[in-house]
Number of protein chains: 2
Amino acid sequence: MKNYTKRQKEIILAAIDLIAKNGIQELTIKKLSQKIGVVESALYRHFPKKQDILLGILAVFRENKEAILQAVQAESDVPLEQLRALFIKRFKYFSEHPAVASVIFAEDLFRNDSRLSQMVYEIMKTNQAAIIHLVENGQKRDDIRKDLPATQIAFILASALRLIVTQWRLAEYRFDLNEEGKKIWETLERMVKN
Amino acid sequence: MKNYTKRQKEIILAAIDLIAKNGIQELTIKKLSQKIGVVESALYRHFPKKQDILLGILAVFRENKEAILQAVQAESDVPLEQLRALFIKRFKYFSEHPAVASVIFAEDLFRNDSRLSQMVYEIMKTNQAAIIHLVENGQKRDDIRKDLPATQIAFILASALRLIVTQWRLAEYRFDLNEEGKKIWETLERMVKN
DNA sequence: ATATTGTGAGCGAACATTCACACACATATA
DNA sequence: TATATGTGTGTGAATGTTCGCTCACAATAT
């Protein structure tokens, strides 16, 4: 986000908001410019193509994932606690930024452009690698059971996180994500703990 | 699908194929009619609105889920084996019909229309209820651990299935879904087995 | 001969993008 | 200090394309 001007950030956040409302087809230059309060062509002073706005959205996601990961590692050095913190923090962030949650797991939005889908894939892989690493550390400390491959455990953790957020969004945010998320984490923890 | 004519089914399958290729924005009346081999307006002989084609797609999904569920229950009466069969059959079906896999978990495609999103929600809930029921039966027989709520176990099972299919699609079907799916199931089984 | 299915032209709306132009403000030059 | 030039940001009109959909008419099948 350091590479983006104030105005560009403003546009990116507005774009996320729009997409959250009704999917990617809600994001048109016209609607976006109206939300910002300028005329359509003014947006092209800040982004050469609409696509570049979408790239900006992905940059927000990546930055957020990295920030949470660092915070988690600073907070504790017990892998299982780090994993819990990772879950809790993610839910907290999504609760506070539903629009972001709305878009972050909707990979399909970016499927039609190779630059975009490549970036999605990269973010996903980085994130997964980080979780795998935490699980492996947990296994080394004998906190997490070793009879299951770390990659698979990490996969299952990530998949549950993802689905609960998806359902929360489909339910139009009608249940408390923090609460349900915590419950799911506790079940998962009991499944993988030694 | 009993309510649909031959031609309508043809159109629905072609529509699924198109969406699989590059997302929902690939599904236009023009492209669809070209794929079928008629002119655009001919489609309106079979469906009054584009939306109704999407409803047809959802009907295919629902029918498929119900069929698999019945087959699974006929095959065995041991819940854990039924669950395994459910997983394996789903992966097999998706392997053989990648286009369907491409669309079935992309709920966002239908977000902008209330009729569609309601149907998506209904299919999802029915499916989840069926899995919960199987898990509860497994717990009654002491095959599945009882210290975890059945709803949560079912949720975690479903989430893993969903994510592996999603990743398979994002990886452009480059890995063997049956194989990877089986591995994930085995890990899940070990997590929940008594 | 009646019902079903397909054709071709065309409609208005929405879309992303481009263009000439305007105005405020900062920086450089005389 | 006064003037000139550059930069950032906005406006309004216009472009070409694509979209879903309609309609009068024609071919085909039962």
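Naming convention: chains lettered A, B, ... in sequence-line order (proteins, then strands); numbering from 1 in each chain. Keep in mind that what you see is a predicted model, and the values were worked out from it rather than measured.
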Arg7(B)/Glu10(B) salt bridge by N-O under 4.0 Å criterion: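 Looking at Arg7(B) together with Glu10(B), the answer is yes, because their closest N to O distance falls below 4.0 Å.
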
Ion pair Glu186(A)/Arg84(A), N-O distance below 4.0 Å: no

Side-chain donor or acceptor of Thr187(B) paired with backbone N/O of Lys183(B) under 3.5 Å: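 Indeed, once roles are kept as given, a pair shorter than 3.5 Å links the two residues.
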
Gln8(A) side chain vs Thr5(A) backbone, donor-acceptor pair below 3.5 Å: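 Looks like yes, one N/O pair under 3.5 Å.
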
Length of the [atom1]-[atom2] vector between [X] and [N], whole Å:
{"X": "Ile29(A)", "N": "dG16(D)", "atom1": "CD1", "atom2": "P", "value": "20 Å"}
{"X": "Lys50(A)", "N": "dT18(D)", "atom1": "NZ", "atom2": "C1'", "value": "13 Å"}
{"X": "Glu26(B)", "N": "dG20(D)", "atom1": "CD", "atom2": "P", "value": "12 Å"}
{"X": "Gln34(A)", "N": "dG10(D)", "atom1": "CD", "atom2": "P", "value": "15 Å"}
{"X": "Tyr44(A)", "N": "dT11(D)", "atom1": "OH", "atom2": "P", "value": "15 Å"}
{"X": "Lys49(B)", "N": "dC21(D)", "atom1": "NZ", "atom2": "P", "value": "5 Å"}

Residues, nucleotides or ligands: over 12 heavy atoms within 6.0 Å of Gln34(B) CD: yes

Ala42(B) or Glu40(A), whichever maps to the more 5' nucleotide of DNA chain C: Ala42(B)

Toward the 5' end of DNA chain C, by each residue's nearest nucleotide, Arg45(A) or Lys31(A):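 Mapping each residue to its closest nucleotide by heavy atoms, the 5'-most match is Lys31(A).
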
Five-pair end axes of the helix from dA1(C)-dT30(D) to dA30(C)-dT1(D) and the angle they enclose, rounded to 10°: 20°

Donor on one side chain, acceptor on other, Gln70(B) and Glu75(B), under 3.5 Å: no

Sugar-phosphate only, base, or nothing, as touched by [X] at under 4.0 Å among non-hydrogen atoms:
{"X": "Leu43(B)", "value": "nothing"}
{"X": "Ser41(A)", "value": "base"}
{"X": "Ile53(B)", "value": "nothing"}

Parallel, tilted or perpendicular: ring planes of Tyr4(A) versus Phe47(A), cut at 30 and 60 degrees: tilted

Plane angle bin for Trp185(A) and Phe87(A) - parallel if under 30°, tilted between 30 and 60°, otherwise perpendicular: tilted

Below 4.0 Å: OP1/OP2 of dG10(D) and any side-chain N or O of His46(A): yes

Tyr173(A)-Leu177(A) co-clustered via ILVMFWY side chain contacts under 4.5 Å: yes

Contact interval (first through last nucleotide) of DNA chain C with protein chain A, 4.0 Å heavy-atom: dC15(C) to dC21(C)

